[in-house]
Asker: 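One structure, pasted below without further comment.
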Amino acid sequence: MNKYDVVIVGGGTAGCAAAYTAGKLGLKTLLIEKNIHLGGTITSGLVIPVMKSGNNQINTEFKNALIDECHRLGGQTTYMGNPAWFNPEITKIALDNLMKRANVELFFDTNILGIKIEDNKIKRIKITKEILSAYNDELDIPQKELSVSVGARYVIDATGNCVVGKICNCNFLEKPDEFQPVTLRFMMGGIDLKVFSDWLQDYDKDRNVTTVEHIDGYIHLSTAYTWDKDKKWALAPLFKDAVKKGILNKYDTNYFQIFTVPGMPDTIAFNCPRIIDYRNSLEVKSISKALMLARQNIYRYLQFCRIYFPGFENAYISNIADMLGVRVSRRIKGKYIYTIDDLTSGKTFEHPVVVSNYPVDVHSNKRGKSTLKTTLKDYQLPIESLMSDDIDNLFVAGRCLSADFMAQGALRVQGSCFSMGEGVSKYIANLLA
Ligand SMILES: Cc1cc2nc3c(=O)[nH]c(=O)nc-3n(C[C@H](O)[C@H](O)[C@H](O)COP(=O)(O)OP(=O)(O)OC[C@H]3O[C@@H](n4cnc5c(N)ncnc54)[C@H](O)[C@@H]3O)c2cc1C
């Protein structure tokens, strides 16, 4: 049986940062990913860009390495002072390159079949040994011949949904009434960005939420619309008209946000549709319903954009995310439960892994009920919020951290997830030194 210093389950936002850092620090590192590429929410979920989280962030070496590698490959730009504006397809290649450079061993398309715990520590993880498909004519082989075990001194659960913690019967913090809508992101190609950006700048003269920049000969832009009250969005009359004419339904207007994508000069990425008619991010039935509703909504957006936005006459759907965008689901009970009071008071800790000023950003399924609250000072997250309270050698990184619902709403962004992954691996390297 192969034994690793650290096994990271989940090669997404936080997991890649953890694996890269562990490998760079000389730890024997295995990264297990259920998909066939890295990046998680960034690539499978098409969630771009990485939001800015202030000037005092710590544990940023991975983020900087990713910026450099995406830049080298032509999939990065610096927009409105934010250098973490990525192309999700190029990011898949960049992440492969970074893992190779850090000597991380990678298992793609791999599922966890079981976990062996001894003396309150994970000893072995049983994983799939070969890829099974409908075309495999040996499906009657005994289960043990289809699996292999890997040994781990430390395990990092970076699965977003805290899958390892669940298999280990850990305690969790989530409550049924704590809920944020999910979003299935997508991209449209075939857009004349010059025509669209000229129209948009003229149409949204107040530039409430619209920005446009010309960078290295390419047009980049961003704009948004929501149905939340007290907001005067320039695009609002277009949405209202489309609802009146039956091109959109009224729920389609709850959130609409678009960004250009570096290296894709005729493409726009959509941070919508946000699905409000659904409740549980962990339940198959609920998620399946959300996915079906979302794809219908995406098709309506295509008709809407073609009719109302100059430059979109020949637009087409070029990509629909193959992962539902989940803002919050399972959160582990850690050695420290980080609270919204810790965040708003800017409480400091002995071993911080994250420093950020990203706002508390909690989406609601009700009109006017979303929260976007800027913090007055930087806040810190301690390493103890990434340590399982139940299993001695289990850490988490990413959105499944040990925090209350409102605090998670600020810490879930990619910049903080990168810092968590990097911070955990540095901590483990110190334990092993
Ligand atoms: C719609 C939406 C919009 C957002 N917008 C922004 C934004 O603009 N900017 C920003 O900074 N943040 C944004 N966020 C927040 C941020 O993108 C996520 O919270 C963050 O990326 C989560 O990172 P993670 O590492 O916890 O999970 P992920 O990046 O999702 O990684 C989890 C990984 O684990 C893998 N996995 C899951 N289960 C298993 C298993 N059993 N075995 C092996 N692998 C497994 C998955 O395939 C995936 O690769 C947004 C989130 C959403 C949902």
Side-chain angles (χ1 to χ4, degrees), residues 7-19 30-53 57 62-63 82 84-86 88 91-92 95 106-115 125-128 155-167 180-186 222 224 255 257-259 269-275 281-282 290 294 321-332 356 358-359 361-363 386 396-401 408-422 424:
V7 173
I8 296 128
V9 185
T13 318
C16 285
L30 173 65
L31 178 56
I32 296 172
E33 169 54 47
K34 73 170 180 182
N35 265 326
I36 59 166
H37 56 77
L38 298 175
T41 302
I42 302 176
T43 54
S44 302
L46 299 177
V47 173
I48 46 167
V50 175
M51 291 296 176
K52 282 208 288 196
S53 301
Q57 284 181 272
F62 171 76
K63 178 178 155 188
N82 179 5
W85 201 272
F86 297 135
T91 301
K92 293 176 185 170
L95 288 169
L106 254 168
F107 289 171
F108 283 118
D109 213 343
T110 300
N111 284 306
I112 299 175
L113 303 175
I115 289 177
I125 303 178
K126 200 202 245 188
I127 55 173
T128 41
V155 176
I156 303 173
D157 184 341
T159 58
N161 289 334
C162 214
V163 171
V164 177
K166 180 68 182 165
I167 297 172
Q180 288 200 53
V182 292
T183 295
L184 187 67
R185 292 184 64 154
F186 71 104
S222 165
Y255 194 88
Q257 188 175 29
I258 56 176
F259 310 99
F270 290 68
N271 184 13
C272 49
R274 187 173 74 171
I275 304 302
S281 319
L282 291 165
D322 55 21
M323 177 198 261
L324 190 61
V326 174
R327 294 182 169 85
V328 62
S329 62
R330 204 174 274 132
R331 283 167 286 125
I332 201 150
S356 174
Y358 190 79
D361 183 4
V362 176
H363 295 234
L386 304 179
V396 300
R399 65 176 171 81
C400 56
L401 78 161
Q408 194 272 0
L411 283 155
R412 67 187 173 83
V413 288
Q414 291 159 359
S416 299
C417 291
F418 288 152
S419 297
M420 287 182 223
E422 185 168 324
V424 163

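Read the numbers this way: they start at 1 and go in the same order the structure lists the ligands and their atoms.
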Asker: Touching ligand 1 at all, Gly421? Heavy atoms, strictly under 4.0 Å?
Answerer: no
Asker: Considering distance alone, does some N or O of Asn271 sit under 3.5 Å from an N or O of ligand 1?
Answerer: no
Asker: Within the structure, is a non-hydrogen atom of Arg274 found at a distance of less than 4.0 Å from ligand 1?
Answerer: no
Asker: Of all the non-hydrogen atoms in the protein, which one sits nearest to atom 45 (C) of ligand 1, and at what distance?
Answerer: Lys34 CG, 3.7 Å
Asker: Give the residue, atom name and distance (to 0.1 Å) of the protein heavy atom nearest atom 25 (O) of ligand 1.
Answerer: Ala14 N, 2.9 Å
Asker: With heavy-atom distances below 4.0 Å as the criterion, list the atoms of ligand 1 near Gly398.
Answerer: 26 (O)
Asker: Sub-3.5 Å donor-acceptor pair from the side chain of Asn82 to the main-chain atoms of Val50, do we have one?
Answerer: yes
Asker: Under a 3.5 Å threshold, yes or no: a donor from one side chain and an acceptor from the other, between Asp157 and Thr159?
Answerer: yes
Asker: Can you tell me if Arg327 and Ser281 form a side-chain donor-acceptor pair at under 3.5 Å?
Answerer: no
Asker: Can you pull out the closest protein heavy atom to atom 35 (C) of ligand 1? Residue, atom name and distance to 0.1 Å, please.
Answerer: Glu33 OE1, 3.3 Å
Asker: Measure from atom 2 (C) of ligand 1 to every heavy atom in Met323, Arg327, His37 and give the option owning the shortest one.
Answerer: Arg327
Asker: Is there a side-chain contact between Arg412 and Asp361 (heavy atoms, below 4.5 Å)?
Answerer: yes
Asker: Taking atom CG of Asn271 and atom CG of Leu184, what is their separation to the nearest 0.5 Å?
Answerer: 11.0 Å
Asker: CD1/Ile127 to CG/Leu30 distance, rounded to the nearest 0.5 angstrom?
Answerer: 6.5 Å
Asker: Does the N or O separation between Val47 and ligand 1 drop below 3.5 Å for any pair?
Answerer: no
Asker: Got Ser44 and His37 here, is their nearest side-chain heavy-atom distance under 4.5 Å?
Answerer: yes
Asker: I need the nearest protein heavy-atom contact for atom 53 (C) of ligand 1: residue, atom name and distance, please.
Answerer: Gly325 C, 3.1 Å
Asker: Looking only at non-hydrogen atoms, which of Leu31, Val9, Asp322 approaches atom 42 (N) of ligand 1 most closely?
Answerer: Val9
Asker: Among all the protein's non-hydrogen atoms, which is closest to atom 31 (O) of ligand 1, and how far away is it?
Answerer: Gly12 CA, 3.3 Å
Asker: Looking at non-hydrogen atoms alone, which of Arg412, Gln414, Arg185, Arg399 comes nearest to atom 26 (O) of ligand 1?
Answerer: Arg399
Asker: Roughly how far, to the nearest 0.5 Å, is CG of Asn161 from OG of Ser329?
Answerer: 3.5 Å
